[in-house]
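Report on one structure; see the data block that follows.
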Protein chains: 2
Amino acid sequence: MTVLQGRLANRDAWSAIGECPIEKTMTVLGTKSAMLIMREAYYGTTRFEDFWRRVGITKAAAAARLSDLVEAGLLERRPYREPGQRSRDEYVLTDAGTEFMPVVWAMFEWGRRHLPNRTPLRLAHRDCGAEATVEVVCADGHRVPPEELAVRLTR
Amino acid sequence: MTVLQGRLANRDAWSAIGECPIEKTMTVLGTKSAMLIMREAYYGTTRFEDFWRRVGITKAAAAARLSDLVEAGLLERRPYREPGQRSRDEYVLTDAGTEFMPVVWAMFEWGRRHLPNRTPLRLAHRDCGAEATVEVVCADGHRVPPEELAVRLTR
DNA sequence: CTGTATCCTAGTTGATACTG
DNA sequence: CAGTATCAACTAGGATACAG
């Protein structure tokens, strides 16, 4: 078991230890519109028009990003029909999409704390009312501060 | 106190409730190279050549992104001098940069689980050895699953 | 309402060469 | 080693018009 955190031995590029999931994630989801659509989807938005209006992007951008997110498995098209209308699709979060939300909330928290902004929004635990943040935690239930985090090479 | 999570009442665009920190964060850090440079900085990389070689980008891209990250306050230039050389700068994580890492590790974890990859790396708690993940937790120490997360409107 | 098509601009990135 | 300069390719995204 090798621990990478801290000063590195001799290692060149990520290629030496395999492809980097961070890079792959950014390739699939590394756009502002994708992040904001995920935020909206979590808020409960499902309809095309609501996405582009609430996110504040063009319909073209929304269509492109929604298709990307469906293809990547974060959103799912689900047909619905308003009375007297043709069948249309709405976009709902999948499990994979829900599991992506820590990325979004981590960005929310960092931006809220470190960038000039006056957002009145706060993350909170509905059940107990306390404010919430995004943190690294271990399987034993400890919070893992940056100095205690290890990136282990397995196998 | 209003809770936004779940179906929304009548709300248009984020502008109605202030600027979105997620969007601002993406504006500053929404590039693949910035994320990967942050990863490298956390690993302990500090020198210009190590950044572009290990991240696998051009020197031009590395220079641009390193400057951005310094300006945004995530990295800090610190002068050093090798014997017989002129003074140069190395780039070290600031507190704001360290606090950004949950974003990076959340992406790592999501990509590792949901995208095809064979990375042998795992996050772990150095102190107890258990594997680690990125989660939403509240001030009372509870893990906050997606259904229990609220986004509250304060003031 | 739910898109698609087109034009246009700005930013990211790679490749390559050059400087101190 | 630590950059800067240039060029070209690609992508994101706004504006606008059009279609089912």
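Lettering of chains follows the sequences in order, A, B, ..., and the numbering in each one begins at 1. Both backbone and side-chain heavy atoms feed into the values below; hydrogens, waters and symmetry mates do not.
Phosphate contact (OP1/OP2 of dG13(D), side-chain N/O of R65(A), threshold under 4.0 Å): present. The side chain of T58(A) places no N or O atom within less than 4.0 Å of a non-bridging phosphate oxygen (OP1 or OP2) of dG13(D). A close approach under 4.0 Å does not occur between any side-chain nitrogen or oxygen of T31(A) and OP1 or OP2 of dT11(D). Contact check, Y80(B) against dA2(D): a side-chain N or O comes under 4.0 Å of OP1 or OP2.
Note on A62(B): nothing from the nucleic acid sits closer than 4.0 angstrom, heavy atoms only. Among the heavy atoms of the strands, none lies under 4.0 Å from F51(A).
A side chain to side chain contact (heavy atoms under 4.5 Å, CB included) with T46(A) is found for exactly one of V92(A), L75(A), D89(A), namely V92(A).
With dA2(D), dA15(C), dG14(D) as the choices, the nucleotide that has an atom nearest any side-chain atom of R86(B) turns out to be dA2(D). Nearest to the side chain of R88(A), among dA15(D), dG20(D), dA15(C), sits dG20(D). Closest to the K59(B) side chain, of the nucleotides dC18(D), dG14(D), dG3(D), is dG3(D). For I57(A), the side-chain atoms get nearest to dG14(D) when compared with the rest of dT2(C), dG14(D), dA2(D).
The CG atom of D89(B) sits 19 Å away from the P atom of dG20(C) (whole-angstrom rounding). R81(B) places its CZ atom 19 Å from the P atom of dG20(C), with the value rounded to the nearest Å. Y91(A) has its OH atom 14 Å from the P atom of dC1(C), to the nearest Å. One can place CG of L29(B) at 16 Å from P of dG11(C), the figure rounded to the nearest angstrom. The NZ atom of K32(B) sits 14 Å away from the C1' atom of dA12(D) (whole-angstrom rounding). Between the CZ atom of F48(B) and the C1' atom of dA2(D) there is a distance of 6 Å, given to the nearest Å. Between the CH2 atom of W52(B) and the C1' atom of dA2(D) there is a distance of 11 Å, given to the nearest Å. If you measure from atom CG of D68(B) to atom C1' of dG11(C), you get 11 Å, rounded to the nearest angstrom.
One finds a salt bridge joining E76(A) and R78(A) here, because a Lys/Arg side-chain nitrogen approaches an Asp/Glu carboxylate oxygen to under 4.0 Å. A salt bridge links E82(A) and R47(A); the closest N-O separation between the charged side-chain nitrogens and carboxylate oxygens is under 4.0 Å.
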Does the pair L93(B) and F100(B) meet the rule for a side chain to side chain contact (heavy atoms under 4.5 Å, CB included), with working shown?
CA-CA 10 Å; L93(B) 273 181; F100(B) 185 75; over 6 Å; no
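Ring-plane geometry between Y42(B) and W105(B) is classed as perpendicular, the angle between the planes exceeding 60 degrees on a 0 to 90 degree scale with a lower cut at 30.
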